[in-house]
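Reading through the structure tokens given below for one structure.
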Amino acid sequence: MIWVMFVISVATLLVLVVVSLAALLKLPADARLPMQWGLSGKPTWFASRSAALGLTPSLACLVFAAMLAPSFFSGDAVLEPSLSASLTLAAGVFVLVHIAHIWLAVRHVDRHSLRRD
């Protein structure tokens, strides 16, 4: 069963990387992407294009490694059903949040590039 969780993790990381690469091709090289929005709906801080697009895949890799390491090293199958459910939920959340963040960031960059033209 641990191999299924490993496959879910790797597949999720591949999806995150592919989505990031697609956004990388769409955005200008000098783009600074918003990383957080305030209550007013305005961005509160920005990151370079590569940092912004690499953050979620990197964070997901660390979270998946932390989730899988105890089960992998101990070989204990008692918690595998709950770990599998947690990992699947985390994978889905990572993908949805990453896509939403990129959509909002691209929309912000597009709006601000129109104002400069």
Side-chain angles (χ1 to χ4, degrees):
M1 178 91 144
I2 191 79
W3 66 271
V4 172
M5 291 181 280
F6 182 74
V7 168
I8 290 170
S9 301
V10 170
T12 301
L13 291 172
L14 285 173
V15 168
L16 294 173
V17 168
V18 166
V19 168
S20 289
L21 289 174
L24 192 68
L25 296 173
K26 181 171 177 44
L27 293 164
D30 63 342
R32 298 207 33 91
L33 304 182
M35 295 298 292
Q36 180 180 357
W37 287 262
L39 293 176
S40 65
K42 294 183 180 180
T44 56
W45 68 280
F46 296 82
S48 68
R49 182 179 73 157
S50 57
L53 296 175
L55 180 67
T56 304
S58 300
L59 182 61
C61 187
L62 291 172
V63 168
F64 292 153
M67 290 176 80
L68 290 173
S71 181
F72 181 75
F73 289 114
S74 72
D76 191 10
V78 174
L79 297 177
E80 281 188 15
S82 61
L83 177 60
S84 177
S86 300
L87 191 117
T88 303
L89 176 65
V93 168
F94 271 118
V95 169
L96 291 176
V97 168
H98 191 52
I99 290 171
H101 174 244
I102 289 175
W103 179 75
L104 289 169
V106 167
R107 197 173 88 170
H108 176 82
V109 168
D110 286 346
R111 262 196 266 160
H112 282 67
S113 68
L114 289 175
R115 289 182 189 166
R116 280 189 252 147
D117 293 341

Q: Provide the closest heavy-atom pair for W37 versus G41 in the form atom of the first, atom of the second, distance.
A: CD1-O, 3.3 Å
Q) Hey, quick one: are L21 and V19 part of the same hydrophobic cluster, counting side-chain heavy atoms closer than 4.5 Å, chains of contacts allowed? A) yes
Q) Between atom CG of L87 and atom CE of M67, what is the distance when rounded to the nearest 0.5 Å? A) 4.5 Å
Q: Check whether any side-chain heavy atom of V15 sits under 4.5 Å from a side-chain heavy atom of F94, and report yes or no.
A: no
(Q) Treating H112 as the side-chain partner and H108 as the backbone partner, does any N or O pair qualify as donor plus acceptor under 3.5 Å? (A) yes
Q.
Quick check: do L55 and H101 have side-chain heavy atoms less than 4.5 Å from each other?
A. no
**Q.** Those residues that, when tested against H98, pass side chain to side chain donor-acceptor pair (under 3.5 Å) (two or more places apart)
**A.** S20, T56
Q | L33 with V95, same ILVMFWY side-chain cluster at under 4.5 Å | A | yes
Q: Would you give the length of the straight line joining atom OG1 of T88 to atom CD1 of I8, rounded to the nearest 0.5 angstrom?
A: 3.5 Å
(Q) Hydrophobic clustering (ILVMFWY, side-chain heavy atoms < 4.5 Å, transitive) - are L59 and L68 grouped together? (A) yes
Q) For Q36, does its backbone N or O pair with a side-chain atom of T44 as donor and acceptor, under 3.5 Å? A) yes
Q) So how far is it from D30 CG to S48 OG, rounded to the nearest 0.5 Å? A) 11.0 Å
Q | Side chain proximity check, V7 to V4, heavy atoms < 4.5 angstrom | A | no
Q: Measure the shortest side-chain to side-chain distance between V109 and K26 over non-hydrogen atoms and say whether it is less than 4.5 angstrom.
A: no
Q: Of all the heavy-atom pairs spanning L13 and C61, show the shortest one and how long it is.
A: CD2-N, 3.7 Å
Q | Closest non-hydrogen atom pair between F64 and A90, with its separation | A | CE2-CB, 4.3 Å
Q: Could you work out the complete set of other residues in the hydrophobic cluster of L39, with links drawn between I, L, V, M, F, W and Y side chains under 4.5 Å apart?
A: none
**Q.** Common cluster, V17/I102, ILVMFWY with side-chain heavy-atom separation under 4.5 Å
**A.** yes
Q. What are the two closest non-hydrogen atoms of P28 and R49, and how far apart are they?
A. O-CD, 3.4 Å
Q: Find the distance between CG (L104) and CD1 (I99) and round it off to the nearest 0.5 Å.
A: 12.0 Å
